[in-house]
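Taking it in order: structure first as structure tokens, then the write-up.
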Amino acid sequence: MGLLVTHLSLADFRNFERLELEPSPTVTVLVGHNAVGKTNTVEALQLLTAGTSFRRPSPRELVREGERSARLDARLEGDGRVIELRCDVTTEPSARRFSRNGKRCQAADMPGDLMSVLFSPDDLSLVKGSARLRRDELDAFGRQANRGYANVLAAYQRSVEQRNRLLRDEYPDPSLLDAWDASVSLGGATLLAARLRMFTRLAEKVSRAYEAIAGGESLSCAYRCTLGEGCEGMGREELRELLLERLAANRPEDLRRQQTCVGPHRDDVTFTVGGRDARTYASQGQQRSVVLALKMAEVELAGEILGSRPVLLLDDVMSELDERRRAAAVEFVGGGIQTLITTTNLGYFSPELLAAAEVVRFGE
Ligand SMILES: Nc1ncnc2c1ncn2[C@@H]1O[C@H](COP(=O)(O)OP(=O)(O)O)[C@@H](O)[C@H]1O
Ligand SMILES: [Mg+2]
């Protein structure tokens with residue numbers, strides 16, 4: 001069965017002086033006008049379950065204006081366990097402190113109990129936006145699904161930064177560059193192997209979900225590796241050797257551009273809808289279906305990897321979907337997964353869904 005969020009409590013967080021929320025084990029609909037704190041509530045849950053928020057806020061932004069500290073608490077219950085997650089935010093010093101059952105921990109330790117999958121209007125630019133958005137989406141999933149992922153990613157990013165710094169020197173020392181090539185290729189191969197393992201499982205689920213949403217139209221997604229084709233089948237050592245080789249071959253170009261141009265920090269994901277590249281050709285409706293399918297696939301894969309279902313956070317996306325896609329989303333939500341949906345308009349939901357859901361009105 002896994003864990004459910006049974007209580008969320010916020011104090012001086014964003015626009016809330018206090019908020020106490022007891023989400024339903026199934027669907028909770030948060031309804032209210034603009035700027036009443038619906039997205040803030042979703043953000044709080046993401047912060048507690050993932051250790052990060054999609055808005056990448058500073059402590060000052062999280063603490064209610066005029067206050068110096070905020071506190072966020074969530075209680076998770078299930079399988080005979082109770083887990084208390086807490087985040088204390090202070091402006092002076094500017095800091096976030098996490099704890100789990102009263103014991104201090106790092107942000108990177110917060111995932112692992114309960115995964116959260118967020119779908120917000122910002123995600124609708126995933127298909128046509130920059131490659132960074134698609135990489136970040138994969139990495140955000142990886143961080144939650146696998147405890148070691150965040151460290152591997154951070155170590156790799158640090159070594160790329162160091163190599164780039166050296167490339168910007170007037171006369172970079174070749175032997176120092178050799179050392180950074182070794183470090184980048186080791187970290188890059190570890191990251192790439194983890195990403196590819198995850199991506200392969202995700203891609204197959206995205207295609208299946210898309211066909212269900214789009215009624216027979218097909219979608220395939222592929223990982224575009226700066227190392228070239230065929231990386232999916234390689235092990236970490238093979239990837240490391242290949243990356244090391246490519247870094248050496250690309251060094252003159254990297255020196256000219258003063259940055260590292262090969263490696264997983266430059267990779268991308270492509271979506272092909274009905275045989276055509278979605279980035280160029282997909283209609284707005286098709287883009288929305290791709291993103292919805294991706295989120296559904298993440299929920300499914302999270303369940304497989306962690307052995308329990310994640311909590312689904314749907315922030316104001318119903319208004320962005322047309323009737324058919326909304327129906328697909330609602331049907332998915334009806335599948336028994338704990339879900340928080342925010343909306344300005346209850347008219348998007350069927351009477352059956354609303355009757356079964358907990359409806360919480362904000363700003364009244
Ligand atoms: N640190 C803060 N202190 C006070 N108010 C804040 C803070 N951060 C955000 N807000 C307010 O929260 C509101 C937005 O809340 P949000 O959850 O995005 O609204 P919505 O219900 O439309 O999703 C805005 O009015 C914003 O000014
Ligand atoms: Mg909002």
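Counting begins at 1 with the first residue of the sequence. Indexing begins at 1, ligand by ligand and atom by atom, following the structure's order. Source: prediction; values computed, not measured.
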Can you tell me the protein heavy atom closest to [atom] and the distance?
| atom | answer |
| --- | --- |
| atom 22 (O) of ligand 1 | Ala35 N, 2.7 Å |
| atom 3 (N) of ligand 1 | Glu65 N, 2.9 Å |
| atom 11 (C) of ligand 1 | Asn15 CB, 3.8 Å |
| atom 15 (O) of ligand 1 | Asn40 ND2, 3.0 Å |

Check this for me - ligand 1, [X], N or O atoms closer than 3.5 angstrom, yes or no?
| X | answer |
| --- | --- |
| Thr39 | yes |
| Leu62 | no |
| Asp315 | no |

Could you state the interatomic distance from CZ (Arg18) to CZ (Arg71), rounded to the nearest 0.5 Å?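 Atom-to-atom, Arg18:CZ and Arg71:CZ are 9.5 Å apart.
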Examine ligand 1 and decide if any of its atoms is less than 4.0 Å from a heavy atom belonging to Gly32. no
For a quick check under 3.5 Å, do [X] and [Y] share a side-chain donor-acceptor pair by atom type?
| X | Y | answer |
| --- | --- | --- |
| Gln259 | Arg266 | yes |
| Ser289 | Arg325 | yes |
| Asp267 | Thr226 | yes |
| Thr343 | Asn345 | no |

Quick one, Asp315 with Lys38, criterion salt bridge (charged side-chain N to carboxylate O under 4.0 Å, His left out). Give me CA distance, side-chain angles, the key distance, then yes/no. CA-CA 8 Å; Asp315 187 29; Lys38 301 184 300 298; over 6 Å; no
Glu61 bridged to Arg56 by N-O distance under 4.0 Å: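 Salt bridge: no.
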Should Arg75 and Glu77 count as an ion pair when the cut-off is N to O under 4.0 Å?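 Answer for the salt bridge query: yes.
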One residue to check: Val63. Relative to ligand 1, which of side chain, backbone, both or neither has a non-hydrogen atom less than 4.0 Å away? backbone
Which is closest to atom 18 (O) of ligand 1 in terms of heavy atoms, Arg55, Lys38, Arg14, Glu43?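 Going through Arg55, Lys38, Arg14, Glu43 one by one, Arg55 has the nearest heavy atom to atom 18 (O) of ligand 1.
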Please tell me if the side chains of Thr190 and Tyr149 come closer than 4.5 Å, counting only heavy atoms from C-beta onward.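 Thr190 vs Tyr149: side chains apart.
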Whether Thr39 has an N, O or S atom under 2.8 Å from the Mg ion (ligand 2):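 Thr39 does place an N, O or S atom closer than 2.8 Å to the Mg ion (ligand 2).
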Mutual orientation of the aromatic rings belonging to Phe16 and Phe362 [parallel < 30°, tilted 30-60°, perpendicular > 60°]: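 The arrangement is perpendicular - the two ring planes meet at more than 60°.
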What are the atoms of ligand 1, with element, lying closer than 4.0 Å to any heavy atom of [X]?
| X | result |
| --- | --- |
| Glu61 | 1 (N), 2 (C), 8 (N) |
| Arg64 | 1 (N), 3 (N) |
| Asn34 | 22 (O) |

Within the protein, is there a heavy atom lying under 4.0 Å from atom 26 (C) of ligand 1? no
